[in-house]
Amino acid sequence: MQAPSLDADWLVVWQHQITKSLQRVLSSFEDTHGYPPGDNEIILANAASRSAASRFKEHPTAAPTLIAFYDTISEAALPDIGNGHFIHSPDHVLNDLAEYGAVHVADDAVGIVFGSDGGGNLLAVDPSGTVHRSTTASWIDAFEPIAPSFVDFLEQLQQAVADFADTGVPPEHR
């Protein structure tokens, strides 16, 4: 079976699936957890975010899948799904890239930090599209691979939201 490609149609379906699951989670969130939810959303790209994302094409370590993602989706903020999951806006990523540079994700690979979790661990994607997570909340410590492709990473994120909606149990506690 061929893996799905990261195109606008696939990303719009992905965004709709997560939004549908989020609606189920958020409808009972305050009753279940005792406090109101934060802003949990997947934000579609607009002209400004696409313009910022186009600057990734100039960077030699930018994964084509990250560029494709930002052509359709500007950012994801899921603070109430488990410990939190965040895919930063292209402006945020570019600012971090200018300030900190690319990160070493493996002995022979570097990546661009594009997101984080609520505990401060960083998410980076290397030029091949492999997604890595830092082992600590640091730009200089080790990273470990968590998904062989950006599509796999997005599918894992969508499944975590769907599972949380189905069970009420945060992904980290299963």
Side-chain angles (χ1 to χ4, degrees), residues 1-54 56 62-94 111-125 129-134 144-174:
M1 186 163 107
Q2 186 176 3
S5 70
L6 193 65
D7 62 22
D9 292 337
W10 187 91
L11 285 164
V12 168
V13 169
W14 174 83
Q15 186 261 350
H16 285 288
Q17 289 172 336
I18 285 189
T19 299
K20 186 176 177 181
S21 294
L22 279 174
Q23 289 168 343
R24 291 186 10 234
V25 169
L26 300 177
S27 68
S28 62
F29 188 90
E30 189 166 5
D31 290 339
T32 302
H33 299 285
Y35 58 91
D39 292 331
N40 292 266
E41 59 188 336
I42 309 295
I43 301 169
L44 294 173
N46 58 31
S49 66
R50 283 188 192 100
S51 175
S54 71
F56 283 111
T65 52
L66 186 63
I67 296 166
F69 176 83
Y70 283 133
D71 279 341
T72 304
I73 308 286
S74 175
E75 63 185 293
L78 305 170
D80 296 309
I81 304 302
N83 289 336
H85 302 273
F86 304 91
I87 298 176
H88 304 300
S89 72
D91 277 330
H92 182 131
V93 174
L94 288 164
I112 293 177
V113 171
F114 69 89
S116 60
D117 65 22
N121 290 350
L122 304 173
L123 299 169
V125 60
T130 301
V131 176
H132 306 262
R133 179 180 46 230
S134 63
E144 59 189 8
I146 59 167
S149 73
F150 204 78
V151 169
D152 288 323
F153 166 75
L154 294 174
E155 288 176 332
Q156 289 173 18
L157 183 57
Q158 190 275 327
Q159 190 62 53
V161 176
D163 289 350
F164 191 37
D166 290 342
T167 66
V169 179
E172 300 78 35
H173 297 125
R174 272 189 237 112

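Just so you know, these numbers come straight off a predicted model, no measurement behind them. Starting from 1, each residue takes its place in the sequence as its number.
Listed by first and then second residue, the salt bridge (charged side-chain N to carboxylate O under 4.0 Å, His left out) pairs that reach into residues 38-54 come to none, sequence neighbours excluded.
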Please tabulate, for the side chains in residues 68-81, all donor-acceptor contacts under 3.5 angstrom to protein atoms that are two or more places apart in sequence or on a different chain.
{"residue": "Tyr70", "atom": "OH", "partner": "His88", "partner atom": "O", "Å": "2.4"}
{"residue": "Asp80", "atom": "OD2", "partner": "Gly38", "partner atom": "N", "Å": "2.5"}
{"residue": "Asp80", "atom": "OD2", "partner": "Asn40", "partner atom": "ND2", "Å": "2.7"}

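Residues Thr65 and Gly129 share a closest heavy-atom pair of OG1-CA, 4.0 Å. A pairwise comparison of heavy atoms in Ala53 and Pro90 identifies N-CB, 3.9 Å as the closest pair.
Of the possible polar contacts, none joining the Ser49 side chain to the Ala45 backbone as a donor-acceptor pair under 3.5 Å is found. A donor-acceptor contact shorter than 3.5 Å is absent between the side chain of Asp31 and the backbone of Gly34.
Rounded to the nearest 0.5 Å, atoms OG1 (Thr19) and CZ (Arg24) are 12.5 Å apart. To the nearest 0.5 Å, atoms CZ (Phe56) and OG (Ser54) are separated by 9.5 Å. Of the inter-residue distances, the one linking Leu122 atom CG with Ile112 atom CD1 reads 13.5 Å to the nearest 0.5 angstrom. For the atom pair CG of Asp163 and OG of Ser21, the computed distance is 9.0 Å after rounding to the nearest 0.5 Å. The CG atom of Asn83 sits 11.5 Å away from the OG atom of Ser116 when rounded to the nearest 0.5 Å. Rounding to the nearest 0.5 Å gives a distance of 11.5 Å between CG of Leu157 and CD of Gln17.
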List the steps and the verdict of side-chain contact (heavy atoms from CB on, under 4.5 Å) for Ile18 and Leu154.
-> CA-CA 10 Å; Ile18 285 189; Leu154 294 174; over 6 Å; no
Derivation of the side-chain contact (heavy atoms from CB on, under 4.5 Å) call for Val93 and Val113 | CA-CA 7 Å; Val93 174; Val113 171; over 6 Å; no
Under the side-chain contact (heavy atoms from CB on, under 4.5 Å) rule, what do Arg133 and Asp117 come out as? Steps first, then yes or no, please.
-> CA-CA 9 Å; Arg133 179 180 46 230; Asp117 65 22; 4.2 Å; yes
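Side chains of Ser149 and Asp152: a donor on one and an acceptor on the other come within 3.5 Å.
The ring-ring contact (aromatic ring centres under 6.0 Å, His included) test applied to Phe114 returns Phe150, Phe153, not counting sequence neighbours.
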